[in-house]
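In what follows, every chain begins at residue 1, and chains take the letters A, B, ... in the order their sequences are listed.
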Amino acid sequence: MKGIGGRRSGSISAGGGRESVHNAKPFGANGTGVPEMAKQQQQPQQSGNDAKGIATRAADYSQWYLDIVKRAELAEHSSVRGCMVIRPQGYAIWEKMQRELDDRFKATGHVNAYFPLFIPLSFLAREEQHAAGFAKECAVVTHHRLKTIDGKVQVDPDSKLEEPLIVRPTSETIIWNQYKGWIQSYRDLPLLINQWANVCRWEMRTRLFLRTAEFLWQEGHTAHASEQEAREETHRMLGVYADFAENVMAMPVVQGAKSPGERFPGAVESLSIEAMMQDGKALQAGTSHYLGQNFAKSAEVQFLNKEGKLEYPYATSWGVSTRLMGALIMTHSDDTGLICPPKLAPIHAVIVPIFRKDDEKAKVLPACEALQQELRQAGLAVKLDDRDLHPGAKYYEWEMKGVPVRIEIGPKDLEKDSVCLVRRFVIEQPGESEDDRRKRKKSFIPRGEALAQIRGLMDSMQKELFQRALAFRESRTRVIDTLDQFEAFFKGDGGFAWVHWAGNAEQEEELAKRFETSIRCIPLASQIPDAARGAGTCILTGRPSAQRVVMAKSY
RNA sequence: CGGGGCGUAGUUCAGCUUGGUAGAACGCCUGGUUUGGGACCAGGAGGUCGCAGGUUCGAAUCCUGUCGCCCCGACCA
């Protein structure tokens, strides 16, 4: 055992509280004909897999997640409570996410800008609902100077600010305060602006990427001349997020509206995309809000419409954050480490040279360099790992870090004019041995076909990851009509439950307390599978319900 | 904010009960032999034991205070 060992067993196994993930049952137990992406041998009393320093999902899902983040060098805790350091490997993925999203924002007519980190308290106080929603968890700046007192640097008590500044938890208020100067006429609309920024929410309990005191995100803030146009924008951006999630992250999502209880403070309607993680819990992966005229009114922004009348513009805001990193990890990765979809992989392929003697090395290395060159010219990110380590050590390392394809080139390959390609994953087949699976990952191909084959692999692996994640979600999704079924489902492995709902906020809370579930979203019509269509009666109250909602435990 | 745990080498930890020269493994560096799934041998570098007081001839160890982090809960845009 090396690396992360000791404190593991038992440390997170405290009780069967809301973290149902800690039971040692294999995942996907009741999935039929489904790839067993999460299925593991049972390893009670031990996290297993210790040689690799990664807990298995079956033994300890939370630890598995933390191990991946740590061992794949994506992020780590900083010396500041609740704040993380995003390491180069993790940041590279985030940068790719940013690029993909930013391109889509631009393609839908948005431009980037930047607004201040500090928000005067009075701005936040103007929008009551909004302020109430953020009241408890903000960082507040009260002083503006340091002073050396008795040789120690301290806050200068004489530097107290007249008005405290809030470190932005989100920027609606300060942005709309600025929009006041930008919007006078219907000709100034729509105003379509996005900002990439950090925000701060003084979270009491944190988890790397999923919830930290400071995180990175983008927030779009738009202003429109009509309600309809703003509502369309809200849906358009949700669609952008869904497209990104599914086609770039290879992560299937359910698009829907939030229930009143889960709505963004100050919003008229909140939409979200919801993804299922490998423990069956839902993770909100992006939100888009129709804000009505709330923020325009509190910031006193008005415009003259075509009829020459003064009117408040209609607003939207939408955002995704570094939380997506957590979603990415928990959607695809396995017990060997990170699995990164090709479209987000900082390195597409790593070349591992194989040789014994110096004369072999002298032949193999140039061949590796030539291939690297060829692949790079074709736009692939290729790393040649020529470190003085055993090949096996390199295999494990790059698998752990999620590189999609490994290329091995050795003396035998040179003889046969071939190369060895090893994909990071294959779709698991039931009953397959570890050995068989490993063989299926590996292929020997003519050297001349390398580029085409690798390109093809990028494509097919991207698609397979989506298919695999979708199949997993389906296997953990049920249409449920009675409270008994509901209870049994969530006492078991759980997942997404499509249920009829007509309860009020209090009843929603009751359900949350009893089963630790919540309404993840009220799906858009396009999202509802055939088996879940139609009207029915509420699972709790028996009242008539027009459509089903998705309930799940959540992050 | 409540409950629990932990601060000793880069990392994970032992040592503390019963005070007496600072330990292990992994990692790192050097040299050699190795290299198609985590190599081996030899040598080496690396710690004001979280911080501040106190007790003592002597403190990583005992006492008091303090700071920080992690986990669980409340909370969660």
Side-chain angles (χ1 to χ4, degrees), chain A residues 1-8 10-19 22 49-53 62-63 66 70-71 76-83 124 129-138 168-172 199-208 210-213 215 217 219 258 261-267 270 272 284 286-287 289 317-319 321 323 336 352-358 360-361 364 385-400 406-414 418-420 422 434-435 438-439 441-442 444 512 518 554-555:
Chain A
M1 166 182 325
K2 35 183 118 172
I4 315 160
R7 99 161 54 137
R8 186 175 297 151
S11 64
I12 313 192
S13 55
R18 64 191 311 171
E19 306 280 348
H22 298 309
N49 230 349
D50 276 322
K52 295 171 193 170
S62 289
Q63 190 61 47
L66 291 171
K70 178 171 186 168
R71 302 276 294 178
E76 62 193 19
H77 289 284
S78 71
S79 44
V80 184
R81 186 190 74 90
C83 293
L124 215 58
Q129 255 185 303
H130 185 63
F134 283 100
K136 303 151 208 157
E137 298 182 310
C138 289
R168 66 176 161 227
T170 179
S171 303
E172 274 80 0
V199 286
C200 188
R201 297 172 182 179
W202 212 256
E203 300 289 353
M204 307 186 185
R205 248 192 84 201
T206 59
R207 288 186 83 184
L208 291 172
L210 297 175
R211 182 173 296 117
T212 48
F215 56 93
W217 80 349
E219 44 182 327
K258 283 296 185 185
E262 301 262 336
R263 205 174 278 157
F264 175 70
S270 288
S272 75
Q284 177 179 299
T287 50
H289 312 286
S317 71
W318 27 272
S321 72
R323 195 172 211 220
T336 303
V352 178
I354 312 287
F355 51 81
R356 292 168 189 272
K357 307 267 162 64
D358 279 351
E360 286 178 346
K361 183 177 179 180
V364 166
D385 187 352
D386 57 0
R387 292 175 300 170
D388 184 20
L389 292 172
H390 278 234
K394 296 176 184 174
Y395 301 167
Y396 282 107
E397 178 174 338
W398 295 114
E399 283 171 8
M400 189 154 58
R406 178 175 77 238
I407 305 164
E408 299 172 22
I409 299 182
K412 291 179 196 167
D413 296 303
L414 295 188
S418 68
V419 297
C420 173
V422 186
E434 224 16 86
D435 248 20
R438 183 178 282 183
K439 277 178 197 153
K441 289 177 189 167
K442 207 164 190 168
F444 297 86
S518 54
S554 75
Y555 278 92

Enquirer: Which one is paired to B/rG73, where only Watson-Crick or G-U wobble pairs with both distances under 3.5 angstrom count?
Expert: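 The answer is B/rC1, by the H-bond criterion.
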
Enquirer: Does A/Arg323 count as lying over the ring of A/Phe215, i.e. NZ or CZ under 6.0 Å from the six-ring centre, within 45 degrees of the axis?
Expert: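 The answer is no; the distance or angle limit is not met.
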
Enquirer: In whole Å, what is the span from the CE atom of A/Met400 to the C1' atom of B/rG37?
Expert: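 Rounded to whole Å, this separation is 14 Å.
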
Enquirer: For A/Phe264 and A/Cys83, find the nucleotide of RNA chain B closest to each by heavy atoms; which residue's nucleotide sits nearer the 5' end?
Expert: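 Whichever sits nearer the 5' end wins; that is A/Cys83.
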
Enquirer: If stacking means aromatic ring centre less than 5.5 angstrom from the base's six-membered ring centre, planes under 30°, is A/Tyr395 stacked on B/rG37?
Expert: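 The ring of A/Tyr395 is not stacked on B/rG37.
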
Enquirer: I'd like to know if A/Glu408 reaches the base of B/rG37 with its side chain, counting only an N/O donor and acceptor under 3.5 Å.
Expert: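 Looking at the base of B/rG37, it does not pair with any donor or acceptor on the side chain of A/Glu408 (distance under 3.5 Å).
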
Enquirer: Counting side-chain heavy atoms from C-beta on, which of B/rC70, B/rG36, B/rG37 comes nearest to A/His77?
Expert: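 Selected nucleotide (nearest to the side chain): B/rC70.
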
Enquirer: For B/rU55 and B/rU61, measure between their C1' atoms and round to the nearest Å.
Expert: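 Looking at atom C1' only, B/rU55 and B/rU61 are 13 Å apart.
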
Enquirer: Is B/rG46 paired to anything, Watson-Crick or G-U wobble with both distances less than 3.5 Å, and if yes, which nucleotide?
Expert: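 Matched B/rG46 with nothing under the 3.5 Å cut-off.
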
Enquirer: Are A/Arg205 and B/rC72 close enough that a side-chain N or O sits under 4.0 Å from OP1 or OP2?
Expert: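 Yes, A/Arg205 has a side-chain N/O under 4.0 Å of OP1/OP2 on B/rC72.
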
Enquirer: Kindly determine whether A/Val422 and A/Arg438 satisfy side chain to side chain contact (heavy atoms under 4.5 Å, CB included), including the steps that lead there.
Expert: CA-CA 9 Å; A/Val422 186; A/Arg438 183 178 282 183; over 6 Å; no

Enquirer: If you measure from the C1' atom in B/rC71 to the same atom in B/rU64, how many Å do you get, rounded?
Expert: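 Roughly 27 Å separates the two C1' atoms.
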
Enquirer: Quick one: A/Glu360 CD to B/rG36 P, roughly how many Å, whole number?
Expert: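 Distance, rounded to whole Å: 11 Å.
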
Enquirer: In whole Å, what separates the P atom of B/rA22 from that of B/rC51?
Expert: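 The answer is 16 Å between these two P atoms.
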
Enquirer: Now, which nucleotide makes the Watson-Crick or G-U wobble pair with B/rC51, with each of the two distances under 3.5 Å?
Expert: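 By the stated definition (distances under 3.5 Å), B/rG65 pairs with B/rC51.
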
Enquirer: Could you please name the partner base of B/rU17, counting Watson-Crick and G-U wobble pairs only when both distances are under 3.5 Å?
Expert: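 The answer is none; no pair meets the criterion.
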
Enquirer: Which of these, A/Lys258, A/Glu262, A/His289, sits in a side-chain hydrogen bond (donor to acceptor under 3.5 Å, both in side chains) with A/Ser270?
Expert: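 Output: one option passes, namely A/His289.
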
Enquirer: A/Arg387 has an atom CZ; how far is it from atom C1' of B/rG38, in whole Å?
Expert: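 Between C1' of B/rG38 and CZ of A/Arg387: 12 Å.
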
Enquirer: Of the nucleotides B/rG38, B/rC70, B/rG36, which has the atom closest to the A/Ala393 side chain?
Expert: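 Closest nucleotide to the A/Ala393 side chain: B/rG38.
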
Enquirer: How far does the C1' atom of B/rA9 sit from the matching atom of B/rG5, given to the nearest Å?
Expert: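 It comes out at 23 Å once rounded to the nearest Å.
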
Enquirer: How long is the line joining CH2 of A/Trp202 and C1' of B/rA74, in whole Å?
Expert: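 These atoms are roughly 18 Å apart.
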
Enquirer: Atom CH2 of A/Trp398 and atom P of B/rG37: how far apart are they, to the nearest Å?
Expert: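 Nearest whole value for this atom pair: 19 Å.
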
Enquirer: Run the side chain to side chain contact (heavy atoms under 4.5 Å, CB included) check on A/Leu124 and A/His130 step by step: do they pass?
Expert: CA-CA 7 Å; A/Leu124 215 58; A/His130 185 63; 4.2 Å; yes

Enquirer: For atom C1', what is the distance between B/rG44 and B/rC6, given to the nearest Å?
Expert: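 So the two C1' atoms sit 32 Å from each other.
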
Enquirer: Does B/rG27 have a Watson-Crick or wobble partner in any strand here, with both distances under 3.5 angstrom, and which is it?
Expert: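 Base partner found: none.
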
Enquirer: With heavy atoms under 4.0 Å as the rule, sort A/Pro169 into base, sugar-phosphate or nothing.
Expert: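 Base contact.
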
Enquirer: Using the P atom as the point on both nucleotides, what is the distance between B/rC26 and B/rG68, in whole Å?
Expert: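 Straight-line distance between the two P atoms is 36 Å.
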
Enquirer: Using the C1' atom as the reference point in each nucleotide, state the distance between B/rG19 and B/rC62 in Å, no decimals.
Expert: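 Roughly 8 Å separates the two C1' atoms.
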
Enquirer: Can A/Glu397 and A/Arg387 be counted as an ion pair, charged N to O under 4.0 angstrom?
Expert: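 Yes, charged N to carboxylate O under 4.0 Å.
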
Enquirer: Can you tell me the distance, in whole Å, between the OH atom of A/Tyr396 and the P atom of B/rC26?
Expert: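 Result: 18 Å.
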
Enquirer: Distance check, rounded to the nearest 0.5 Å: A/Met400 atom CE versus A/Arg71 atom CZ?
Expert: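 A/Met400 atom CE to A/Arg71 atom CZ measures 4.0 Å (nearest 0.5 Å).
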
Enquirer: Can you check the A/Lys442 NZ to B/rG36 C1' distance for me, whole Å?
Expert: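 Those two atoms, NZ and C1', are 6 Å apart.
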
Enquirer: Return yes if some donor-acceptor pair links the side-chain N/O of A/Glu219 with the main-chain N/O of A/Ser171 below 3.5 Å, else return no.
Expert: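 Yes, A/Glu219 side chain to A/Ser171 backbone: donor-acceptor pair under 3.5 Å.
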
Enquirer: Select one nucleotide: of B/rU12, B/rG37, B/rC76, the one nearest the side-chain heavy atoms of A/Arg211.
Expert: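 The listed nucleotide nearest to A/Arg211's side chain is B/rC76.
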
Enquirer: Report the C-alpha distance between A/Lys412 and A/Cys420 in whole Å, list the side-chain angles of each, state the deciding distance to 0.1 Å, and finish with yes or no for side chain to side chain contact (heavy atoms under 4.5 Å, CB included).
Expert: CA-CA 10 Å; A/Lys412 291 179 196 167; A/Cys420 173; over 6 Å; no

Enquirer: With rounding to whole Å, what would you report as the distance between B/rU11 and B/rU18 at their C1' atoms?
Expert: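 Straight-line distance between the two C1' atoms is 31 Å.
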
Enquirer: Quick one: A/Arg406 CZ to B/rG37 C1', roughly how many Å, whole number?
Expert: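 Roughly 7 Å, once rounded to whole Å.
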
Enquirer: How far apart are the C-alpha atoms of A/Thr287 and A/Phe264, what are their side-chain angles, what is the distance that settles it, and do they pass the side chain to side chain contact (heavy atoms under 4.5 Å, CB included) test?
Expert: CA-CA 9 Å; A/Thr287 50; A/Phe264 175 70; over 6 Å; no

Enquirer: For A/Gln284 and A/Ser272, what are the C-alpha separation, side-chain angles and deciding distance, and is it a side-chain hydrogen bond (donor to acceptor under 3.5 Å, both in side chains)?
Expert: CA-CA 7 Å; A/Gln284 177 179 299; A/Ser272 75; 4.6 Å; no

Enquirer: Identify the pairs formed between an N or O of the protein and an N or O of nucleotides 33-35 of chain B at a distance under 3.5 Å, and give each distance.
Expert:
from: B/rU34; atom 1: O2; to: A/His390; atom 2: NE2; distance (Å): 2.9
from: B/rU35; atom 1: OP1; to: A/Arg356; atom 2: NH1; distance (Å): 2.8
from: B/rU35; atom 1: O2'; to: A/Phe355; atom 2: O; distance (Å): 3.0
from: B/rU35; atom 1: O2; to: A/Leu389; atom 2: O; distance (Å): 3.4

Enquirer: Under 4.0 Å, heavy atoms only, any strand: does A/Arg168 hit a base, just the sugar-phosphate, or nothing?
Expert: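 The answer is nothing, as A/Arg168 stays clear of every strand by at least 4.0 Å.
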
Enquirer: Using both distances under 3.5 Å as the test, list the Watson-Crick or G-U wobble partner of B/rG36, or none.
Expert: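 None - no nucleotide pairs with B/rG36, as no candidate has both distances under 3.5 Å.
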
